[in-house]
Every structure is written in C-alpha cells, then in structure tokens.
Amino acid sequence: MLELKNISKAYPGVQALSQVSLHIQAGEIHAICGENGAGKSTLMNIIAGNIDPDDGELIWEGRPVRFNSFHAAAALGIAIVYQERSLVDELSVAENIYVQKPPLTNWGLIDFKQLRQQTLHLLQRLGLEDIAPQSLVNSLSPAQKQMVEIAKALAAQPKLLILDEPTSSIGEKESTALFKILQKLKETGTAIIYISHRMAEIFQIADRITVLKDGVGQGSFSAAVLNPEQLIQLMVGRALLASSFYTDAKNEPCLDVVQITGPGFQEISFDIKKGEIFALAGLIGAGRTELALALFGDAPIYAGKVLLNGHEVHFKHPADAIAQGIAYVPEERKSAGVFLERSIAENVQASLLSKSFWVDVSASVAATHFREKLNIKTPSLQQKAGLLSGGNQQKVVLAKWLATQPSLLIIDEPTHGIDVGAKAEIYQILKDLTRQGLSILLISSELPEVLLLADRIGVMRGGRLLQILDKNEASETLILSLAAGTHG
Amino acid sequence: ELPPRTQEGTGQATNTQEAFRTATTPSAEEEYVMVTTAINLPLYVNHDQAAFKAWGEKKGVKTTILGPAEWDVPTQIATLEQVIPSRPAGLLINGTDPGIAQAIRKAVAAGIPTVVYDSEIPNSNRHCFIGSDWYEMGYLQGKRMAQLLKGKGKVAVMGILGMENMEAGFRGFLDAIKPFPGIEYLGKYDDKANVETAARIAADLISAHPDLAGMAGFDSNSGPGMALAVKEANRIGRIKLTTVDAEPEHLKLVQAGVIDYLVGQKRELFTALGAQFLYDMRHGTLQLSANDAKAGVVPIPRTVITGSIEIDKTNYVQFIQ
Amino acid sequence: MTTQKFTLNNILQDRVLSLSLTIAFLMLVLTLLFPTQFATWDNFSQVLLNLSIDTIVAVGMMILMIGGMFDLSVGSVVAFSGGMAGYLMYHHDVPVALAVLAGLSGATLVGLVNGWLIARIGINPMIQTLAMMGIVRGFALMLSGAGLQNFPWEFIVIGQSKLLQLQTPVWYMLFIVLGMNFLVQRTTFFRRYYFIGGNERAARLSGIQVERMKIWAFVISAVLAGIAGILLSSRLGAALSTSGRGLELRVITAVILGGASLAGGQGRILGAFLGALFMAIINNALIIGRVSGYWQKVILGVILILAVAMDQLLLRRVSRK
Amino acid sequence: MTTQKFTLNNILQDRVLSLSLTIAFLMLVLTLLFPTQFATWDNFSQVLLNLSIDTIVAVGMMILMIGGMFDLSVGSVVAFSGGMAGYLMYHHDVPVALAVLAGLSGATLVGLVNGWLIARIGINPMIQTLAMMGIVRGFALMLSGAGLQNFPWEFIVIGQSKLLQLQTPVWYMLFIVLGMNFLVQRTTFFRRYYFIGGNERAARLSGIQVERMKIWAFVISAVLAGIAGILLSSRLGAALSTSGRGLELRVITAVILGGASLAGGQGRILGAFLGALFMAIINNALIIGRVSGYWQKVILGVILILAVAMDQLLLRRVSRK
Ligand SMILES: Nc1ncnc2c1ncn2[C@@H]1O[C@H](COP(=O)(O)OP(=O)(O)OP(=O)(O)O)[C@@H](O)[C@H]1O
Ligand SMILES: Nc1ncnc2c1ncn2[C@@H]1O[C@H](COP(=O)(O)OP(=O)(O)OP(=O)(O)O)[C@@H](O)[C@H]1O
Ligand SMILES: [Mg+2]
Ligand SMILES: [Mg+2]
C-alpha cells in the first residue's frame, strides 16, 4: 500500500533519519520500534505530510507521491494520532474530532445537531460513553484526551492509520478497547502503523515490526519470528539486566498520610517507609494525580493530616514541599514539566533556583551528570528542550527533580514514552536511590512497572483508597479487578 | 430618512428649523457648558477655564467644563453630541477642528445658543465665533523671525501637523519670510504638543544643522521643548526662538533670554465674552426685534477677532503675575 | 449547542451573559440616578451612534483575537480610508461609489500587507502593526492634510440618513455584529480561528492552513476598519486626520472585556459589541453626571477594574464549591 | 555559560548580537551620509540623553516581558512620580530628598496594586494596566495641574548636571542597564522570570512562587518608571502632566525589537537598551536627513519593518541549510 524508499532527514546537529525504507501492506498492523530519538516520530510526520524529507521517495499504491502538506496526505486517506497533543483545550470534543470536515447543512453551515450525533456514535463505537460530545477538552483527564485524539483520527475513516505512542498516557482498560478497534479496522483492510515502547503490546497486536536505531533502519521482521529479547537487542544494541528487585524499605516512616480529603479524593490514609517504593494503582480518573498534587502543596487539603518524618506539615505552595525534600515529576510533561524554550541545562536548574542567590555553575554540572546517567540524546546541553524527542524530554524532567536530591520522590507516570533501554536504566536509578534511603510514591498505569518496582501497592477507585496490597500478594488481575470494582 | 440635500449653512444661513431657546429670568440652575479637548492643557486651565468659571460665579449661573483629557477631537465630538440631549442653556465650544461642524449644527438645530471660540469652524452654523486669527499669528512670528535673523539663516517650524489652525499659522509664517531669499526654510515638524518630543526634534535639528538660526513653535509645548534643547546645546541667543502663548514658563524663558518673541492670544476674552454672548442671547439683553428667537435674528455679533498679544524682552515684565 | 442551565456558575463562565447582566444592572442604576437625562430615546440613540464606529472595528479585532492575533493599525486605517475617499472626492471629483471603493481597497491593502508580513515572513505582530500604524497615519495626514470637507450629498447620505429614528451607522453596526456573529458561530471558515488561537501548533497538525487564515483575519479586520472610516467621515461630513487616534487600545479593551484574551482561542462577536457598549455607557454616565476631566479617567479606570475583579471573585467563589 | 561560536546562525539567533550589528551598520551608513552632522560628540550625547528616559522604563518592561507580562501604565507613572515630587516641593516646600522619595513611593504603590490585582485576583493584565494608566494619569493631572515649575536647585541638579560631558540621566541609564543586566544574568531571583514566562505551570511546580514574583516584577517596573519620571522632571525643570504620553507603546516596541516576545520567556536587558537606541538613531537620522512631518512617520515605520523582516529572512535562510 505504502512504500518508503531511502528517506533521509537531518536537523542541525542530528541526522534524524538516514536512508530508511519501509513497506506497509493493507490490512496489517505494522509496529515501529526504536529508542527515544531514533526518528520514529520524524518518519511518521513525513508520511503525514507535515515534514519534507531531505531525500527519498514515497510510493502510494504503486504511484510515487509527494506529501507536501497535511491535506495531500489526508486526501489519500492517511490519518495520524500524534505523539504530542493536537487538541484545542477551549473547544468541545465534537468540534475537535471533526475539525477537518464537520457535518454541514444545506446552506453550508455547521450542523451542530448532526455533529453531536456523529460524535456520540463514534465515541460509543470506541467505548467512550463517559465522554460527552459537548464537554470541553480541558475538562478531560490526560487519558481521555488521548482517546479523543484517537477518535479524531478515526473520524476521517482512513486507509492508513498512524498511531504514535497512543497508549503512553492511557490505562489498561482503554488499551484493551483500543486493541479491539484496531483488530476490527485491520479486518476491513485498513493499514495501521503502530509505535509504542511497551514490548508486550507490540507482540500482542503487531503483524510485522520495523526497527529504527539512531535514524537507521534495522530491517522489518514478522512478529512471529522475533522474541522480545531479540527485539530489544536490535533496538538497544545490548541485552537488558534481569529485572527483579529486593526491597530497600527500612523501618523508619518517611511519609504518613492520615485520613486526608481534598479535591478529587476522600479519606486517604497510607504511609511510606524510608527507602520504600509505594505505588498507587487505579484506573484513569481514580484521583491519583489529584492526591499527589495535594501532597505536593499544589492543591488544598481540606481535612486530615500529613506527617513528614514524624512532623505534621502544611504545604501552601510547591515551594514549601520542595524545601522539605519532596519532589514531584508531573504527569503532563508538555504543560507542567518541561520548559520547551529553555536549554536542557536550564531545565535541570529550574528546581534549584531558590537554593542560592547567585546563579551557580553546579547546575550545569548536574545537567552533565544526568545527561550521561539518563542517556539524554542531544548534541549539546545548550540545545532547547523543545527540540528533543518526547522520551528525552521526559528524562530531562526526571533529571530536574533528581538534581534536588529529594528524600521523597513523587512520580506520576514516570516512564511515559520512554524506551525500554532507558526505562531499565531509570528503574535502576530509582532503586539506587532507595538504597540510599530515598522514598518513592509511584503513580503508574503500567501494571508491569508497578509490580516490578513497588514494595506495596495501594489501589484507588473513585477518589478512595480501597486496599493496600503487599508485593507478593499482588497480581495484575487482582489489581485490575479491584480498580474496576469487579472484585468481591 | 435622508439628510437635507443642501449642505446647510455656507456660514451665513443661521435661521434653522428650530428657533433658539430663551428664558426671561436668570436662575442658578441655568447651566452653561464648555466643550473642549485636552481639558488639562495648562493653557486652557489657566486662561479659558479660569475666565469661564469666574464669569459663572459673577453671574450666579452654573458652569460645566467637559471633554477628553487628551487631544482627541472625535471624543470631543462624542461629548458634545451627548451633552445636547440634556439641553444646557448655552454651549461654548472650542473650535479645535473643522470636523466638529456637524455636531455644532446639531446643537444649533436643537435650539441651544452656541458660541465657537479660539478657531473658526466653517459651515458650522454657530451663532457666533470669537477667537484669534492663526494666519496672523504665524505671520507675526515670521516677520519677527526675519527681523531677528536680519534676513538670512536656516529656520524650522513645529506644532501639531494636520490641524487647520496650525496649518494656517505655518502658511502665515511662510508668507512672512517669503520676501527674504536669505532665509532657508527647513520644514515643519510634528511635536505632538509634547515637550519631550519637541525637545527631541529641536535637538536633532540642531545636530543636523549646526548653523541653524531660528525655530518657531505653534503649540504651547513647542516653546519649552525648543528652549530645553537650545539650553542643552549651549546655543542660547545664537538660535532665535519665537513661539505662541504666554504662560509663566514661556515668560520665564523670555526673561532668561532663551525665547526671543511670543505671540499670545487673548484667551480670557474668548471665553468670558463668549459666555456673556450666550447669556445675552438667552435672556435677550439687547432686543433687535419683538422676538428675536422667533424672528430668526441672532442678537449677538457673528464674528469677533480678538487679535494677538506680542511679547518680547521689552514688555514681558507686565505679564508676570 | 447551548443547552446548559442558567446556574450562577454558567452565567459567570459565559462572558456574554455576565456582561449583559452587568450592563442591565448599570442601566438600571443610571436610570434611577438620572431619570430625565439617561433614559431618554435621544440619549440612547446618541450613545448607540457614538458606539457604532468602535464596535465595527471591534468585530474585526475580535476575530483577530480569537485567532490569537491583534492589530494596532486599525485606528490609522479608520483615518486612512476616510481620508482616501475624501481626497478623491474633494480634489479629483471622483464619483462617490468609486471613492468609497478606493478607500476600502486601501484598507484591504493594509490588511494584506500586515497579514502577509506577519504570517509569511514572521515579523512580530506588535512591531508590524505598530509600524503600520505610523505608516498609515502618515499617509492619512498627507491625504487629508488640514481636513477635507464639503463632500457630495451622495456621500453624506451614507452616514447621516436615519431609519426608524436611528442614524445609519447604528444599523450598519447591528447588521455587521449580527451577521458576523452568525458566521463565526456557524461556518467552518471562522470556527478555524478558535483552533488557531487555542493551540496554533495543534491547528497546524490538524491540517488547518494557519498562515492563510491569519492573512484573511488581518484583511477582514482592516476592511471593517475601512468601513468604519468611511462611515465616520460621512457622518462627520469631514475627513479628519486625527480620526481613530487611540482607537486601537479602546477597541482592544472592549474586546477583552467582551471575553477575548490576548492568548487567543476565546471570545464571541456579541462580546465585542457588549464590551464596547459597556464602555460607552460608562462614558455617557460620566458626561451626564458632569464629571470633570481629571476625575473621568480615574473613575473610568476604577469601574473597569471593579467590573472585572467582581467577575473574577464571584467566579472563583462559585467554582470552588 | 556562553561559549558558542560566532557563526552567522548564532549571531542571528542572538538578538543582542544581531541588533548590535544592525546598529553598527546603520551608524556607519549615517556617518558616511552625514559626516559633519551625525558623527559628532554633540549629536551623540544628545541622542543618548533623549534615549535615557525611555531606556530606564524599557529595562523594567523587559523584566516584565521576560516573565510573560507587560504594563501599559508606565507612561502615566512617569508623569505621576514627577508630579508627586513636584507638587510636594512646590506647594508644600518639602525637602528635595523627601519629595523624591514620595514620588518613588507613589510609583511603588502603583506597581503593587497592579501586581496584586493581576497575580492574586486574576484580572486580565491588559485591562488592569490600561485602567491603571487612566487612573494614574488622572492623579498626575490633579497633582501637576497646569504645570509645576521653579524647583529648588537641589532637585534640578539631579538631572541637569554633567559628568564627562554627558548629562546625568545618561549615567543613570548606563548604570541601570548594566546593573540590571548583570543581576538578570547572574541571580536566581531574576532568572526565575525566564521560567515563569516559559511555562507558568511548570514554574509553579518547580517551586517558584509565581504570584509573588509577578508582583515583584510590576513593582520593579513601576519603580524604574518612577525614577525615569523624577529624572525627566528634573531635566525639564518642570513637572508636566503630559509627560510620558505614548511612552508605553514606544517602550514595548523597543523591548520587542530587543528580543522579547509577548509570549514571554525571552529577551535580555541589553536588548531593551539596544532596541531603544535603534529607534532613537532612526529618529535622529530622519531629522538630520531633513525628512519632514508626514514622511517621518512613514519612513520610521518602513525601516522598522525592514529591519525585522531582514532579520527573519536571514535567520530562515541560514537555519534552512
Ligand atoms: N525540529 C527539530 N529540530 C532539531 N532536532 C529535532 C527536531 N525534531 C526532532 N529532532 C531530533 O531528531 C531526532 C529524532 O526525533 P524523533 O522525535 O523522531 O524521535 P522518536 O523516535 O519519535 O523518539 P521518542 O520515542 O522519544 O518519541 C531526535 O534526536 C530529536 O532530538
Ligand atoms: N482539569 C480538570 N478539570 C476537571 N476535571 C478533571 C480535570 N483533571 C482531571 N479531572 C477529573 O478528575 C478525576 C480524577 O482525575 P486524575 O487525573 O486525578 O486521575 P488519575 O487517577 O490520576 O488518573 P490518570 O491515570 O489519568 O493519571 C477524573 O474524573 C478526571 O476526569
Ligand atoms: Mg516520538
Ligand atoms: Mg493522573
């Protein structure tokens, strides 16, 4: 259906793609794998007509084509779900989905009634009954936004659907629904390009897999002949460490939360020991992010108390929490984590500003340190963070917080869009830190990650903490059934 | 409903649809409204408004001063138009721009005694105009400048560009220096009635023309601005300055020898006499017929030119209060 | 689309509703304070007339601001289009229709240049439109010099006719506001500005031709300013070079009051009208209340802040529940 | 921190460098064109003097704009602080030091109110500072009324002394520009504004007290405007209510020219100075080049656009490679 021949693209200082060739067939799910910054998104943007390649050829259904604009690609039936958000917050879900071709009346005016109907049908088809067509996008949770993003691409009824990390911000339930839809589309002959850093997913749905490494194609393989270890070897160039960790929890308490209530959560109690990793699991909208923000001083706590190292604390502002050694890696990287226009070095420096009066050089020392430690792929630390690939941006945010040397680290979806190699490194870093006595509150919708890292797991639903499970009694099915409310 | 086809008033036809309103007995409720612009301009506050208020107190009637704080003719028009529905006893309007003619016609049509002061507004149907002749003020400046320069040297003028009265002043100035071929005219500059701008322009002019011989100003901020630049360039006396208005700051500059010549307006006359005309018209102080309002006779002068005041080293002392 | 309930929260969230209520309340208070002066047809029609020019320009500005842009040159364009038409009629006896067309074409050109330089070359909109404000004002001054008058009746008729006791500019304004409101609510073309203003990058990724749409927005806004200029000079019977000075900031304030934000993505056309109406009513009240120059600015500023602060505080209190 | 190479790309990316080069080029051309008029010490010191007030205000504006804010009331604050000091000295014989302090305190208060209402109550900055512009201008008018003069020698000395042939305002300006440039580059306090302007939510979550910092920015900017006001009235020897009119837009233009953006997060203090210098040199050149009146506005605008467009086009061409 679509053939790419020797596509190359360079940015100042980076050869994002060199001589990449690819063949996509109708009715297949084709996964693209590669480390952060391997050039996956760049390649997708070339197919979608948003970026001009420096070199190479595209052949669509046997004819060479030039996608010089989004429209040219869309006219051929190509739709894309971007890695970054392409929704407008102040507009309704319906308008966002049908931005290109809203239903019109005979007079050429927008038919809002029809628009709502169509959106309703589409959302129902995707199993998203809880999203109202007329609600504004900014009232949705990140996961819901992602689903709307997918609905928007499907609304065009594409022949080729590109999904760039669609599952990085959604939970198990949504993923399962998405995969069902993808299977159905595949059966009707739609070609799908699928990008993800989650190995399990790839082997679950992909028919063929193409691997990119540093912008160079490593070949396309049938999913049946590869196993995860081989794939990782192709992507990363080395095998990963065996992953299972011992607990570092000591018997001293670090954080003690007693019966707190705030916006989006009620009567939550739990404690975290020094060196322990405590995870919060739950479906989307369970109120985990709200709880984390309240603990970090960004949202009010109406009732109950919070003790840090045995002393009651009241944070009015994140600055208070930071001063007490708490760090928070937010869920939405673009809007709350990274300063896109500032350099990588300055991003790392952002949380250290109140530490001294003069700007000191230790910040760029820290940046250099973490660039190596987290393997941030960039030509220079003076590079603007906005020019990094998505996964590398996440690493910069992580570096910013690790630089404060916190005693309690709250991380909300820490490995969003991070490749397997880096993920393993991050896990290792987290465990190194806990060994030194750091405590971690981990919020993650990726259950394997939770099960791997956490010493204890709290399951939340509807703003309440239902149960706290020990590492050895927890399993994916148990957590899921608790979170969904289908357990006992 | 279409507007009348003939452009009313070539300046003569005053008898409009409605007769002006009269009253027999003066009352304390009687309100005379002055509509001006740049209401806080020192020149206006110290002369026009002070004289107008004093007149009101003496007569025992209410005086109100309205208008925008900045130099903003459209807002002056808007203010005037919104005052008309409240039917004041008389309107005293600062003739800032020909564009207010249409609003003045409305006031006259509404039967309100209306006097325009300072600059004439053509086609406005106003009952009376009282003010100065800007062409003459420019001409006087030009004549004196030629004298001061002994007929040769470079001169420039500044003021607010695009205002009819200033443009008339510039014309007068040019006509006056025309007989002197030794005088080189550099051009007119827009100082936006702002001291800083005037000073900047003057300073730049001095740099550009080290042999600059004289500058003439046409708004009340031109003088202080030019003087500042001349002082800062150490050219006092070597660059001749003439300008309009006789505010304390202008007088002080004459005293210091920075400014050589001032043309003042008789502004108190505009407003005190103008207001008196309004009062006379409303109360029929001097009857020219059995009923002037009905007969369409306007019992006050049509046009009064008040003339200029000339001030220089020889007589400035008389003007310092 | 709006099947929402009228809870206090919804009212406050919707600027058009909350501003309507504020205006209704304000009018009630003013009627009680000045029964014979404020609540009269004369006064009301006058307020609408004065408001019409600003509002027509504000509609264009609203479209720009929805798309996350703004234009400081509109005030100059108002003077320019009137001056252009006036110049052709006055100095070259060009037929009225042609002169009007020329004025509007001039405005279109200004919009095109603004849009092209901003969208295609990437010049900062603030610098571009400010520079253009100076350039266009310069041309307007050259065209209208010290003011043009005595236009043919066919031109005067455009802005001075009356229909149902309201002068034509009011009708033009109502037509433009309602028409554009409808178009912006219901056509894909105008809806795109919400996407562009809400998130330009997302709009681009969704296949909206952002550059082209931006150029269109500047053209539309300039044409509306051009129409306003023609109406203004027809209504005044004169082309003033000072027309529209300071208009840009006034209009931007009205538009923001009406629910737009400098960041873009927000606002409705009706909001632009209501914002302008709010300001006009306060100005009217200050004139009726005979508040003098010094205090006018202070009171206007305080009321503006109070109105917006109240809104914010209420909104916060309500949405906290 | 900056060990980058001087490639064309880097120069263009850095506004301070590219603007310096543009200015150097401009000065070279002007020196060749007008050797005896432009390249003189007299002219140069005069340009610097005229520039000093704008630049001091621009430094404050730059800090605001780095943080993603701006302030339209600075022009009024310039008039207000001078008026306040003048009023106290003139009418109440307050000692100079105290009067200056009072003027600066007044300015601080304005900044506090602006910052507090914007950061804590959430009033739209455009509306707030525009309203404040009116309010403060109103108070300035009341204070200085028809203009204050005859200040004590101790006050005059502040702005009219000379050091090394340059008048004191130039030295104040240099001191403030270099001092603030150093602080903004090297202290964490000022660095925070880059983060606030870059991403407000992320800044808050990084522990920056965004509201408090915003209030500080408005205070700093107001105090600098206050200092400018004192310097201006000392230099003029008079407190004028019209001082600083239109200053805000001029200053914002200079600051954007110097590399800031309305979106925030960008710019350097030196850029503010260079932006103001660029505009001042062009103004100077227009007068030296005998461009008069109407054409000045046009040419100034065209040069502004050209300078920025050139930059953009070069940048695009270079970075495309
Ligand atoms: N506009 C740009 N300017 C400069 N460099 C860029 C730009 N866009 C991408 N790059 C660089 O190109 C490379 C490929 O980026 P791309 O976004 O395609 O990676 P990716 O494979 O999608 O990574 P991720 O898994 O993290 O999303 C990266 O090194 C990135 O820093
Ligand atoms: N900005 C917002 N405005 C209104 N409601 C919101 C907003 N953000 C989240 N919500 C709602 O608050 C509830 C809790 O959301 P939250 O993001 O805390 O859940 P979570 O457990 O962290 O899920 P996730 O897996 O997405 O991180 C959800 O019902 C969500 O729709
Ligand atoms: Mg990517
Ligand atoms: Mg969450």
Side-chain angles (χ1 to χ4, degrees), chain C residues 68 70 72-73 76 113-114 117 120-128 130-143 145 241 246 248-250 252-253 255-257 260-263 275 293-313 315-316, chain D residues 68 70 72-73 76 113 117 120-128 130-143 145 241 246 248-250 252-257 260-263 275 293-313 315-316:
Chain C
F70 61 95
L72 294 176
S73 68
S76 298
V113 172
N114 271 338
L117 287 172
R120 298 263 184 225
I121 309 293
I123 299 188
N124 179 296
M126 173 100 194
I127 293 195
Q128 168 62 37
L130 199 76
M132 195 50 111
M133 167 173 147
I135 296 175
V136 176
R137 176 69 65 188
F139 283 119
L141 280 167
M142 285 183 229
L143 285 172
S241 57
E248 45 286 336
L249 284 184
R250 217 159 59 223
I252 292 179
T253 314
V255 169
I256 292 182
L257 261 181
S261 101
L262 278 181
Y294 300 125
W295 284 103
Q296 267 194 23
K297 279 173 178 288
V298 177
I299 295 181
L300 179 65
V302 170
I303 291 182
L304 251 178
I305 294 179
L306 275 184
V308 181
M310 197 87 84
D311 213 71
Q312 282 292 323
L313 288 176
L315 186 59
R316 197 179 297 184
Chain D
F70 62 95
L72 294 177
S73 67
S76 298
V113 171
L117 287 172
R120 298 262 186 227
I121 309 294
I123 299 188
N124 178 298
M126 172 101 195
I127 293 196
Q128 169 61 37
L130 199 76
M132 194 51 115
M133 166 172 146
I135 295 175
V136 174
R137 176 70 64 187
F139 283 119
L141 289 167
M142 285 182 229
L143 285 171
S241 58
E248 46 286 336
L249 285 183
R250 217 160 59 222
I252 291 179
T253 313
V255 169
I256 291 182
L257 260 181
S261 101
L262 278 181
Y294 305 135
W295 282 102
Q296 265 194 25
K297 286 174 194 283
V298 177
I299 294 181
L300 177 67
V302 171
I303 292 182
L304 250 178
I305 294 178
L306 276 185
V308 181
M310 197 87 82
D311 215 69
Q312 282 292 327
L313 287 177
L315 185 59
R316 197 177 296 181

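Just so you know, these numbers use all the heavy atoms, side chains as well, and skip hydrogens, waters and symmetry mates. A note on names: the letters A, B, ... follow the listed sequences, proteins ahead of strands, and every chain is numbered from 1.
- Within the structure, every pair that satisfies the side-chain hydrogen bond (donor to acceptor under 3.5 Å, both in side chains) test and touches residues 297-307 of chain C, not counting sequence neighbours, is listed here: B:E70-C:K297.
- For the atom pair C:T253 OG1 and D:M126 CE, the distance stands at 5.0 Å (nearest 0.5 Å).
- Within the 4.5 angstrom heavy-atom criterion, only backbone atoms of C:R120 (N, CA, C, O) approach chain D.
- When all heavy atoms of D:G301 and C:A131 are compared, the pair lying nearest together is O-CB, 3.5 Å.
- Atoms CD1 and CD1, from D:I256 and C:I127 in turn, are 5.5 Å apart once rounded to the nearest 0.5 Å.
- For the atom pair CG (C:L304) and CD1 (D:I123), the distance works out to 9.5 Å, reported to the nearest 0.5 Å.
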Pairs under 3.5 angstrom only: tabulate donor-acceptor contacts from the side chains of residues 134-142 of chain C to other protein residues two or more places apart or in another chain.
{"from": "C:R137", "atom 1": "NH1", "to": "C:S241", "atom 2": "O", "distance (Å)": "2.6"}
{"from": "C:R137", "atom 1": "NH1", "to": "C:S243", "atom 2": "O", "distance (Å)": "2.9"}
{"from": "C:R137", "atom 1": "NH2", "to": "C:S243", "atom 2": "O", "distance (Å)": "3.1"}

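- For C:I299, no part sits under 4.5 Å from any heavy atom of chain D, backbone or side chain.
- Taking the side chain as every heavy atom from C-beta outward, D:L249 and C:L130 approach each other to under 4.5 Å.
- Only the side chain of C:L117 comes within contact range of chain D, with heavy atoms under 4.5 Å apart.
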